[in-house]
Amino acid sequence: MPLVYCGACSHAPGITGRAERADTQTRQALETAFRRMGDEMRATRPDALVVIAAEHFANFFMNNMPAFAIGMADSYEGPIEDEAFLRIRRTTVPGNKALSRRLIETVMQTVDVAYAEEWKFDHGISVPLHFLTPDYDLPIVPANINCQGPPLAPLARAWAFGEALRRAVDAVPERIALIGTGGLSHWPATPDSGKINHEWDREFLRRWSANDREALLSYTDAEIYREAGQGGFEIRTFIAAAAAAGGATGRIDFCEPVPIFAVSCTLGSFELPPAQQNTPSS
Amino acid sequence: MPLVYCGACSHAPGITGRAERADTQTRQALETAFRRMGDEMRATRPDALVVIAAEHFANFFMNNMPAFAIGMADSYEGPIEDEAFLRIRRTTVPGNKALSRRLIETVMQTVDVAYAEEWKFDHGISVPLHFLTPDYDLPIVPANINCQGPPLAPLARAWAFGEALRRAVDAVPERIALIGTGGLSHWPATPDSGKINHEWDREFLRRWSANDREALLSYTDAEIYREAGQGGFEIRTFIAAAAAAGGATGRIDFCEPVPIFAVSCTLGSFELPPAQQNTPSS
Amino acid sequence: MSLYQVQKLIYQLNRDPRTRQRYADERDAVLGDYDLTQEEIGALAKPDIGLLYVLGVNGQLLMHFAALHRIEWTDYLERMRQGLKEYGPVREGVYAATGYEGVEAHDARLKAERETR
Amino acid sequence: MSLYQVQKLIYQLNRDPRTRQRYADERDAVLGDYDLTQEEIGALAKPDIGLLYVLGVNGQLLMHFAALHRIEWTDYLERMRQGLKEYGPVREGVYAATGYEGVEAHDARLKAERETR
Ligand SMILES: [Fe+3]
Ligand SMILES: [Fe+3]
């Protein structure tokens with residue numbers, strides 16, 4: 001049935017791993033906003049949550065780097081990082097292999113996604129879940145867009161991936177929620193970690209909230225790299241979520257630059273028509 | 001510049017590994033045809049050979065199974081199989097990383113290919129090269145279509161992959177040859193190994209020689225599995241080669257059922273316009 | 001349900017000389033790295049090629065696992081046939097048996113066809 | 001030219017407890033499994049985080065390699081800066097440094113902006 005929830009959020013490892021080094025007020029406001037997003041998402045009574053992530057060499061390496069991937073297992077483990085580094089306890093997260101397979105088969109009609117029968121979550125998924133589904137009681141369908149190792153798929157294909165996921169979600173009987181998760185401008189794990197182009201982020205989010213496909217796809221990777229750093233390549237996850245929202249406009253629930261977390265911490269969601277939230281598809 | 005050669009051939013491991021168990025006359029005719037194909041291909045003076053293969057778990061497994069992949073390295077090793085089993089000496093085969101990257105970047109505009117900075121050739125590439133480039137002096141760009149582990153990409157996407165490769169090849173200054181390599185109907189590595197549906201193969205090759213896109217894409221996987229076995233899924237490589245030929249019609253140079261090799265051993269090539277073989281692109 | 005794990009182990013053995021060495025030196029430890037049922041462990045350790053085939057192991061993986069145990073091609077095919085008799089039809093995957101006259105009969109038929117052409 | 005091999009080793013270390021154990025027990029043997037230059041071997045063995053950074057190792061790999069050697073976050077950032085001074089700009093990849101005022105100065109500026117809002 002039609003998608004019941006569609007949003008996007010940050011996943012920077014500092015949000016949990018270096019939590020106490022941020023300004024207390026900012027940090028509390030961020031965590032509150034994250035929990036509110038989780039409440040809203042779970043209030044739509046999803047049977048599963050699709051997470052469009054941008055992982056960081058936990059599963060995919062240049063020996064076989066898929067542009068797009070979807071997990072297809074009944075459970076996943078995470079986080080892969082040192083628990084003390086990320087301050088999130090390693091755990092087993094439920095999946096749904098049969099549902100994954102049905103989604104993958106539809107996505108494959110238009111987007112050439114790799115499937116993965118195992119998947120170790122890194123902070124890219126574990127940080128969002130820590131706040132959004134703290135009890136790890138909602139089955140996850142992990143999806144990935146390569147934002148780390150060029151050559152990267154063009155933004156238009158990230159859009160196509162979001163559209164394909166939406167078609168796939170709409171075609172299954174389950175109630176599905178979806179989030180994209182990535183950073184906007186940032187230079188993570190470099191000497192410039194903490195640098196943020198907040199103006200650029202605001203303009204990106206303006207286009208994103210308006211779900212302005214043309215404006216979102218008009219960035220080039222050279223421009224992203226110059227203005228938003230190699231971390232900015234992760235906007236692909238936000239773009240895919242916008243495509244999955246099928247033209248709905250978005251709302252920014254939080255957006256604050258937090259240098260010690262290395263990004264503008266961002267939470268947003270799309271205003272899906274109420275009919276899509278409550279009635280079964282025809 | 002435009003593609004200089006486009007063909008397709010079988011790669012069954014028995015062709016080398018169980019060579020002496022076939023009828024001598026058939027075997028000699030096949031090897032002669034293979035060598036002639038190599039001569040023809042090399043006569044077009046290619047700078048590199050793209051091989052669209054269907055590998056058998058040498059590089060890709062269900063932990064991260066790409067629908068389509070392209071190698072991006074300066075050399076490759078193969079065959080991965082026991083040398084005594086395949087009777088092909090393990091060797092290093094030249095690649096061209098920079099050329100691969102340029103091809104991949106164009107393919108990625110429309111097809112979401114995984115890239116691979118290492119690649120171990122299995123019989124799917126090593127058997128053809130053993131006959132076509134016995135001196136291993138032509139740089140290879142390996143490409144793969146998942147034909148082993150369902151869910152598989154639909155035939156229409158294999159066609160799109162061939163078209164994307166053709167666009168990519170036409171966009172580089174190098175002279176590029178391309179072959180697809182796979183089996184037609186077969187039931188390899190099962191108790192039915194040796195079973196061949198030669199009528200089905202002939203009909204497939206009729207469609208292939210005519211480069212009849214609609215007829216080639218009209219097969220369903222259920223039908224292929226029933227009539228041509230799980231080995232028949234490899235027709236994706238022939239279909240991608242037909243798409244890369246850009247509408248040119250094909251010629252079947254050899255097609256004989258050889259039960260001990262488990263397939264109808266097949267060699268064919270497309271009649272590319274002579275202009276494409278000799279003049280630089282505009 | 002752990003066919004994925006069985007196949008992953010065989011994939012690693014086929015691909016990776018170090019895993020092969022460890023499998024020769026300390027097979028039980030290697031088996032312990034995978035999430036396997038007792039039936040699967042037994043089939044791998046013996047090895048029971050027929051049972052592995054019936055469990056659904058892809059032939060492109062299984063034939064090399066057989067070769068690793070110095071099981072010759074014809075013997076490999078025969079063991080799969082025995083597996084079908086002993087354990088019933090293939091339970092998973094796309095490598096099911098569908099019935100075949102056999103290479104010799106097939107060869108003879110093709111030869112006859114060629115002679116009457 | 002073997003940046004791929006350096007990164008692959010770090011990827012395996014980050015991901016695979018067995019490789020980490022072997023690296024602790026017999027580092028040279030593990031290094032021998034990869035096709036590395038002497039400069040790369042030296043940088044990995046020391047470890048010279050600054051040089052690895054300049055060689056082009058992706059930060060998402062390098063930060064965990066640093067953590068494996070119990071190099072704390074702030075120290076990790078400082079070692080990359082030292083690497084730039086000692087060996088010059090990043091030679092490959094997309095993790096080049098572009099200049100930054102630093103987290104403290106940035107924080108102070110944001111705080112001032114918030115107060116004047
Ligand atoms: Fe990230
Ligand atoms: Fe094959």
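Here is the naming used below: chain letters follow the sequence lines, and residue numbers restart at 1 for every chain.
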A side-chain contact here means heavy atoms from C-beta on lying under 4.5 Å apart; do Asn58(C) and Gln148(B) qualify?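 Result yes, sub-4.5 Å side-chain heavy-atom pair found.
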Is [X] close to chain B through its backbone or its side chain, or both, or neither, when contacts mean heavy atoms under 4.5 Å?
X         : value
Gln82(C)  : neither
Tyr53(C)  : side chain
Leu68(C)  : neither
Arg79(C)  : neither
Ala96(C)  : both
Lys111(C) : neither
Asp107(C) : both

Could you state the interatomic distance from [atom1] ([X]) to [atom2] ([Y]), rounded to the nearest 0.5 Å?
X        : Y         : atom1 : atom2 : value
Asp23(B) : Leu110(C) : CG    : CG    : 10.0 Å
His56(B) : Asn14(C)  : NE2   : CG    : 13.0 Å
Phe60(B) : Tyr11(C)  : CZ    : OH    : 8.0 Å
Arg15(C) : Phe57(B)  : CZ    : CZ    : 12.5 Å
Thr98(C) : Arg226(B) : OG1   : CZ    : 12.5 Å

Non-hydrogen atoms of chain C under 4.5 Å away: do they reach the side chain of Arg18(B), the backbone, both or neither?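 The side chain, not the backbone.
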Atom of [X], atom of [Y] and distance for their closest heavy-atom approach:
X         : Y         : result
Val103(C) : Ile260(B) : CG1-N, 4.1 Å
Pro259(B) : Tyr100(C) : CB-OH, 3.8 Å
Gln7(C)   : Phe61(B)  : C-CZ, 3.5 Å

Surrounding CD of Gln25(B) (heavy atoms of other residues, nucleotides or ligands, distance under 6.0 Å), is the total greater than 12?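 No, not enclosed.
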Within a radius of less than 6.0 Å around CD of Glu20(B), do more than 12 heavy atoms belonging to other residues, nucleotides or ligands occur?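 More than 12 within 6.0 Å, yes.
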With a 3.5 Å cut-off and no angle check, do the side chains of Arg21(B) and Thr74(C) form a donor-acceptor pair?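 Yes, because at least one side-chain N or O of Arg21(B) sits under 3.5 Å from a partner of the opposite role on Thr74(C).
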Looking at Ala189(B), is its backbone amide N or carbonyl O close enough to the side chain of Tyr76(C) to form a donor-acceptor pair, meaning the two atoms are under 3.5 Å apart?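 At least one qualifying donor-acceptor pair exists.
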I'd like to verify something: which residue of Gly99(C), Ala67(C), Gly59(C), Gly93(C) has the highest number of heavy-atom pairs under 4.5 Å with chain B?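 So the answer, after comparing Gly99(C), Ala67(C), Gly59(C), Gly93(C), is Gly99(C).
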Could you label the plane-to-plane angle of the His64(C) and Phe85(B) rings as parallel, tilted or perpendicular, counting under 30° as parallel and over 60° as perpendicular?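 His64(C) vs Phe85(B) ring planes: perpendicular.
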Please say which of Gln230(B), Glu55(B), His123(B) ends up in a side-chain contact (heavy atoms from CB on, under 4.5 Å) with Gln60(C).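 Testing each of Gln230(B), Glu55(B), His123(B) against Gln60(C), the sole residue satisfying side-chain contact (heavy atoms from CB on, under 4.5 Å) is His123(B).
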By number, which residues in residues 191-206 of chain B have some heavy atom less than 4.5 Å away from chain C?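 The list, in residue order, reads Pro191(B), Asp192(B), Ser193(B), Gly194(B), Lys195(B), Ile196(B).
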